[in-house]
Asks: 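Here it is: the structure, laid out below.
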Amino acid sequence: VIGEIEACRHQLRELSLKIHSSPELGFQEVKAAAWLTQYLEENGFSIERGICELPTAFRGSYGQGKPAIAILAEYDALPELGHACGHNLIAGCAVGAAVASKPAIDRFGGSILVIGTPAEELYGGKGIMAERGAFDKVDMAMMVHPGVHDTATTQALACVGLEVEFFGKAAHAATRPEAGINALEAMLQSFAAMNSLRQHIEDKARIHGIITDGGEAANIVPAHSAGNFLVRAEDDTYLDELKEKVINCFIGAA
Ligand SMILES: [Zn+2]
């Protein structure tokens, strides 16, 4: 397998750099999906494009029957930052590993799949694809993700997203401030409450978020504020518990 990878090292590097230099956001990875499927096709894989009703998802397969081993490819970029998370590398590694596994499939049987999972950064493409049956006939799935240390296995955190809005009452901030109900202040109080909570949460748990609407103008008391938050924990049980506590921060601030 190592010999096979060495043989296509140059092509894989080019492919990965090409995706890096053309970053595409989640569900818009048209070029990346085309390049990856083309590479797999040129290397003898049969390709299904747009699986699970997602235009930039795909499945490449080589060999037949069981065990069906899937290698997952991600290839979406982050807004503003491009491929800061290295999904171009994930894509290159996935197709490289799959192509290099062909001699093993020829010898031992079974099938090797590359499942292209779009929109991992912001929407969690794999979750949608799992619900739509993409992994039903897969015996084993694996992928790599670039990081700061080498490890064979990793534990991902359970994660839940919260979209929060506060509704207040607009008023002129200088002439009639007493008539306003400030929706931005409620959002800021929520951040203060979450920061106080943070001191008392389990080690690996995470709470993070951004304000997506903080008002229209400095001289208008904001009638509306909004934010997106992510709560993460080591397991679902603690995630549920922590989510309740975070929601209480918002309720308290309101
Ligand atoms: Zn990533």
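Heads up: numbering here begins at 1 and tracks the sequence. Just follow the structure's listing: the first ligand is 1, and inside any ligand the first atom is 1. Hydrogens, waters and symmetry mates are skipped; everything else that's a heavy atom, side chains included, is used.
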Asks: Sorted by chain and residue number, which protein N/O/S atoms are under 2.8 Å from the Zn ion (ligand 1)?
Replies: C85 SG, H87 NE2, H145 NE2
Asks: Using the six-membered ring wherever Trp is involved, compare the ring planes of H87 and H145 and label them parallel, tilted or perpendicular (cut-offs 30° and 60°).
Replies: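 H87 vs H145 ring planes: perpendicular.
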Asks: Listed by chain and number, what are the ring-ring contact (aromatic ring centres under 6.0 Å, His included) partners of F166, not counting sequence neighbours?
Replies: none
Asks: Show the atom names and distances, to 0.1 Å, of all donor-acceptor pairs under 3.5 Å that link a side chain in residues 202-212 to residues at least two apart or in another chain.
Replies:
from: R206; atom 1: NH1; to: D203; atom 2: O; distance (Å): 3.3
from: H208; atom 1: NE2; to: R232; atom 2: NE; distance (Å): 3.0
from: T212; atom 1: OG1; to: A226; atom 2: O; distance (Å): 3.2

Asks: Taking the ring of F229 and the ring of F250, is the distance between their centroids below 6.0 Å?
Replies: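 Judged by ring-centre distance (under 6.0 Å), F250 and F229 do meet the cut-off.
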Asks: Can you list the other members of the hydrophobic cluster that holds I2, where links are side-chain heavy atoms under 4.5 angstrom apart?
Replies: none
Asks: Considering only NZ, NE, NH1 and NH2 on the basic side and carboxylate oxygens on the acidic side, decide whether K18 and E14 come within less than 4.0 Å.
Replies: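 No, this pair does not count.
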